Structure formats: C-alpha cells, structure tokens
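Keep in mind that this is a model prediction, so the values were computed, not measured. Letters A, B, ... mirror the listed sequences (proteins, then strands); counts begin at 1.
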Amino acid sequence: MIRQKLVSLITRAAAKAQEQGKLPSVVLPPVTLEHPQNPEHGDYASSLALKLARATSLKPLAIAEEISRFIEATPEVDTITVAPPGFINFTIKNEWLTGQVAEILKAGSAYGNSHLGQGSRVQIEFVSVNPTGPLHVGHGRGAILGSTLANVLSATGHNVEKEYYINDAGSQIDAFARSLYARYQQGLGASIELPSDGYLGHYMSDLAQEIIDEAGERFRKMPELEAVSEIGRLGLDKMIKQLKTDLELLGVTFDVWFSEQSLYDNGQYQEAMALLQDRGYIGDREGATWFFSTTLGEDKDNVLVRGDGSPTYFAADIAYHYNKFVERKFDRVINIWGADHQGHVSRMKAVISAFGIAPERLQVIISQMVTLRRGSELVRISKRSGDIITLREVVDEVGADACRFFFLSRSADSQMDFDLELAKKQSADNPVYYVQYAHARIASILRLAQEKGIDFSAGDVSLLTTEPELTLIRKMLLLPEIIELAATTLEPHHLSYYAQDLATVFHGFYTQCRVVSDDEALSKARLKLVAAARLVLAKTLTLMGMAAPDKM
RNA sequence: GUCCCUGUAGCUCAGUGGAUAGAGCGGCUGCCUUCUAAGCAGCGGGUCGAGCGUUCGAAUCGCUCCAGGGACGCCA
C-alpha cells in the first residue's frame, strides 16, 4: 500500500537527517500520514516536523525542510512540498495513479485485501439470541455488524470463524418448554394455565399449532414431564431453524452453531470450574458457589452455582470461553453483545485473566440499543410479553440491502431509532440505492461497449488526465486503507461512508466524462477505468453483504 | 450511588490530535435528442452540550458539571 511506502520513506529520511547531524537525535514518534482535506495540500501529509518541534527545540518549518531534503525520489511521488506551520505534503504522480487502474483490474475481487492478520485464528461470535423467541431489530444490528466484520477480517488475512452460541440449556429453555406444552394443550382444547414465567408471544401458539398439525395428540398420551421435555426439544429445533432462515434472509450465515448443552455433556464445564477452583478463585458462601471477581479488581463477586445446584449464565459463559481459548485455542475472540450485557464485559475479562490468558485476546463489541418506531409511535420489542415486530417483518418491509446499509451507517456505539415509516418512505431516496445505482450505471456502460464489440484490454490508461478521472482513481485507491481501518478498529461502518463517497465521485465522473464516444482510444482508456471502478464498488458492496446489481 | 455509551447543521449521523468541521434527508433554484435523472450543479444552514485544563495545535485527550439511554440479580 502506498501509504506504508510513504511512511517508511519519511522515517528513513528523518533517520538519515539525524545520521548526518542535520536533526538532533531525539526519539522519533511513529510516523502517521493523513489525507489533507484541502486537495491543494496534496494527497498525503505528514505532521512529523510539528511533533518534533518541542524535543528538538527547532522551528517546525525548518525541521520539515530538513527532512524533506532527505526523502528519496520514488516512482509514486510527484512533488514534496513543505507548508506552514510545518507539514510535509506529498502529491502523487498522475502516471502512477493511472497505472493503478491496471493493477486494480489485475487484482480483481481480491483488490483491497491484505495480510494484516497473518492467518491468525479469530473467532467472532454474534447474535447468539436465546432460541426461545424470534429475532428483533436490535439483534439484526448485531448480526449485520458481525457478518460484515467477519468479511472485513477475512479480507485482511485473518482466519475467521463465525459462531452462534445456542443457549439450549438452563431455566429459560425450561420455561420455553413448559410454555409450549401449555399452548399445545390449549390448542387441543384443554384449559391449562400458562406458566407465570413463560413466553406469551403469539409465535408460541403458532409453534404449538405446527406441532399439533404434525404430531397430533401424541404428546398428550405421555407422562407430563416427558412430554414437556420432548415438546421442548422439538420446539427448540424449530426455533433454531427459524433463526437460521431469518438470518439468511439478511445475508447472515455462520460457520458453527455451538450448543451450550455440549459443554456439560463433554465435561468442559467441569474442567473450567476445576481450573478456577485450583487457582483459588472459587468458594462457597451462603449456600452457593461464588467466583471471587473482587480479587481481580471487580466491584463484586458473582454466583456460579445457585443454592439449588444449577449453574448460572455466568458459569456457563465461563465454560464457553474456556472452550474458545483453551480447547479450541483461538488467537483472538470477538464477541458482539447488546448494550444490556455491558456489565458482563469486565467480569468476563477477569475470568480470562484467571485462566492465565491475556485479556486483550478477548474483545467485546457492545452494540447499542435500537428503538423501533412507526412515526412517533414507539414499538415494543420485548420478547416475553405479547406482540413484537420481528426482524423478519422489518426485513420484508424494508429490504435486506437497505437494512444492512442502514445499520452499517452508524457506529456500534451510538443508539439509534429505526423508524419503519421513514425507512419505507425514504426507500426511494435511500443512500443504498444511490450506491447500487452507480454500480448499475457502470454495468450499463460495459454492456454498451460489449454490444459495440469494443475490446478495451489494450486501452492506454495514460490518456486519463482530466480531474474527474483522476479524482475517481484517487478514491478507488482509498479502499485498501478503509478496509484496514475497519479491521483494526473493528468498525465496519466506515465502509458505508466510503461506498457513498465512491459513488458520488463516480456519478461526478459520469456526468462530466462520456465513456463510449467517437474517440476510440479515449473510450478504451475510460472503459478500463470504469471496469476498475466497478470492481472497487462491487468489492465494497460485497464486504457489506449487499448486492451489486447490473440493472436497476 | 457506581460503571458503560451518547450529546456536532432543522432531522438522522460521519469525522485517524492537525491546515477553511462534513454527508444524507428536508427546503429553495437550475440541468435529460447522446453510456440509466434512483443522477448532476448551485444556494441556505454550526457558541461541535457547558466550563476548566494538557498541547505549537482539541469536535477528538484529561478533569468537573449538565442532559439522554443502558447496566448494576442465586435473570440471561
């Protein structure tokens, strides 16, 4: 990447200036490069001289002059200028820029990829909603965040595994099974009360009806305990299938669906507890078993095993993370949790430390709340009670691409309103179509070229000299930086802003530059440019999990 | 009370300690005989919640407030 090349160029120049005594030998801060917002300041700018001013007690402008004198000439850089108060500005050669068009075409769909991750094994776990009810929009946000992040990490050379953790054990599943059994009985005409801690949504009745249709009265003939257990298992399977298909509709898929129950069945829960026990982090108090989080700097201790002998959610999660780090030996684990799990983060990191594992290897992304509304009316999305608007319904209403783009247009940190009315009303003016339209326009140009039988493989890119053409190339060259930024900060939302930028620049080019014209040579050059632009746009859309349509 | 997130244009939100703070939507004005007008060009819009500090330089970092949201369970 050219950015890195420039960084090392500056670093070498500064070191050389020091060697030759032109610059005091102070410790050099890491060189950073930025894109000046004013294009007159060039393509890249370094503020190294400004940062060195204090330590060297020299004027920043003088330092910049001195360093720039030692920067070697390269094929990429056109001019290097020093500007007050002490910036070193780089302008890239037009010939190099246009030459990149061919490079992009050669790279194809791999354009923008890197080896940043060096094949390290990264697990990213997200959604992981209890299979006791349908997904709502908040879950959709985590789903899209996770799947896009996985794409970005794969593109940057990480060995990524996407995982859904199924809470198929514990009291919630029990409540689910009892609720479903009650609805089943009701569906067959029995007057049975629903459990007080049960799931009351309509989907439970639908689920019960489905079971009645398939199995009839079979479960009525069994002992109740057995019937509850079997119906629970059946219902769970159906719920999980539903989760899968709903997520697939959003373009979200997983490599592994991990069962919580398996941790108990294969003894890893016991192993994890034993390990903490050995290390002295576990003890009994008030009839329960506790994890002594306070010895690791936490505010309070936490219960692992209740008075009735059943493990808490926390204990199960400890076993799960034991499995991730100790059993499966992931280099890095990324969890995406909803804002309501915020308090869980630091004690989970404490557990990782207790295992003797560097807590930095666990990264938790908290996706903030989504409130759903129709106009000014707030729509409740609570699972336990009554009516909810499911993610499925939202996707049906708004469309998968628009959903993905919408969620990717905000950082995970900020809470957001999802206004269904607005989402639908704005759908025609939605930025998602703006971006996809640019892609469709390019496809249309390429179709025309094909109809005319134009072979542009030998097009001469050096004919691309006008401002709209070069601006487009410059923007295309930004993608690798954006991907790297998204991967290192774990913030996929940068992609959507880049996609809009790129589309804007393309639309500008399109209105100013006729691609297929009477000028045969120029047509071929521009067709090359446009073909490359299409690749870059498609790559960006693909990373976001969106379609890159040829026609709209 | 403690902890976490947020506060930037009318609205929804970007903004890697750097040069004149941006986009989309909404409002107004123009532009289609030529590759897709789901487009383009232009106009208007700001005490970056407040204050103090660190720095050559702060929307960005620190502290103190204010406002909104969330978490503080032998729920998950």
> What's the verdict on ring pair (Phe, Tyr, Trp, His ring centres under 6.0 Å) for A:Tyr322 and A:Tyr269, showing C-alpha distance, side-chain angles and the deciding distance?
Replying inline: CA-CA 8 Å; A:Tyr322 172 85; A:Tyr269 168 82; over 10 Å; no
>> The test is salt bridge (charged side-chain N to carboxylate O under 4.0 Å, His left out); show your working for A:Arg285 and A:Asp301 and say whether it passes.
In response: CA-CA 11 Å; A:Arg285 191 200 302 159; A:Asp301 293 334; 2.9 Å; yes
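Residue A:Tyr434 has a polar side-chain atom (N or O) positioned under 4.0 Å from OP1 or OP2 of B:C40. Under 4.0 angstrom from either OP1 or OP2 of B:A14 there lies at least one side-chain N or O belonging to A:Ser414. One finds a side-chain N or O of A:Arg441 lying less than 4.0 angstrom from the OP1 or OP2 phosphate oxygen of B:A37. Within the 4.0 Å cut-off from OP1 or OP2 of B:G57, not a single side-chain nitrogen or oxygen of A:Arg54 is found. For A:Gln37, no side-chain nitrogen or oxygen approaches OP1 or OP2 of B:A21 to under 4.0 Å. Considering only side-chain N and O atoms, A:Thr511 lies nowhere under 4.0 angstrom from the phosphate OP1 or OP2 of B:A41. Listed pair A:His507 / B:A38 fails the phosphate criterion, with no side-chain N or O lying under 4.0 Å from OP1 or OP2. For B:A76, the OP1/OP2 oxygens have a side-chain nitrogen or oxygen of A:Arg306 closer than 4.0 Å.
Here the shortest heavy-atom pairing between A:Ile365 and A:Ala412 reads CG2-CB, 4.1 Å.
Within 4.0 Å (heavy atoms only), A:Ala45 reaches at least one base atom of the nucleic acid. Using a 4.0 Å heavy-atom cutoff across all strands shown, A:Asn89 reaches at least one base atom of the nucleic acid. Nucleic acid contact for A:Thr289: none, since no nucleic acid atom lies under 4.0 Å from a heavy atom of the residue. Residue contacts for A:Lys300: at a heavy-atom cut-off of 4.0 Å it reaches the sugar-phosphate backbone alone, with no base atom in range. Using a 4.0 Å heavy-atom distance criterion, A:Tyr510 is classed as a base contact. Within the nucleic acid shown, A:Asp413 comes within 4.0 Å of sugar-phosphate atoms alone, with no base atom in reach, counting heavy atoms only.
Under the 30°/60° scheme for interplanar angles, the aromatic rings of A:His344 and A:Tyr313 are found to be tilted.
Along RNA chain B, the nucleotide nearest A:Asp299 and the nucleotide nearest A:Arg410 are compared for position; the residue whose nucleotide lies closer to the 5' end is A:Asp299. Toward the 5′ end of RNA chain B lies the nearest nucleotide of A:Glu491, the other residue of the pair A:Glu491 and A:Leu448 mapping further downstream.
Remark: ring of A:His41 overlaps the six-membered base ring of B:A19 in a stacked fashion, centroids less than 5.5 Å apart, planes less than 30° apart.
Electrostatic pairing of A:Lys524 and A:Glu520 counts as a salt bridge here, judged by a charged N lying under 4.0 Å from a carboxylate O.
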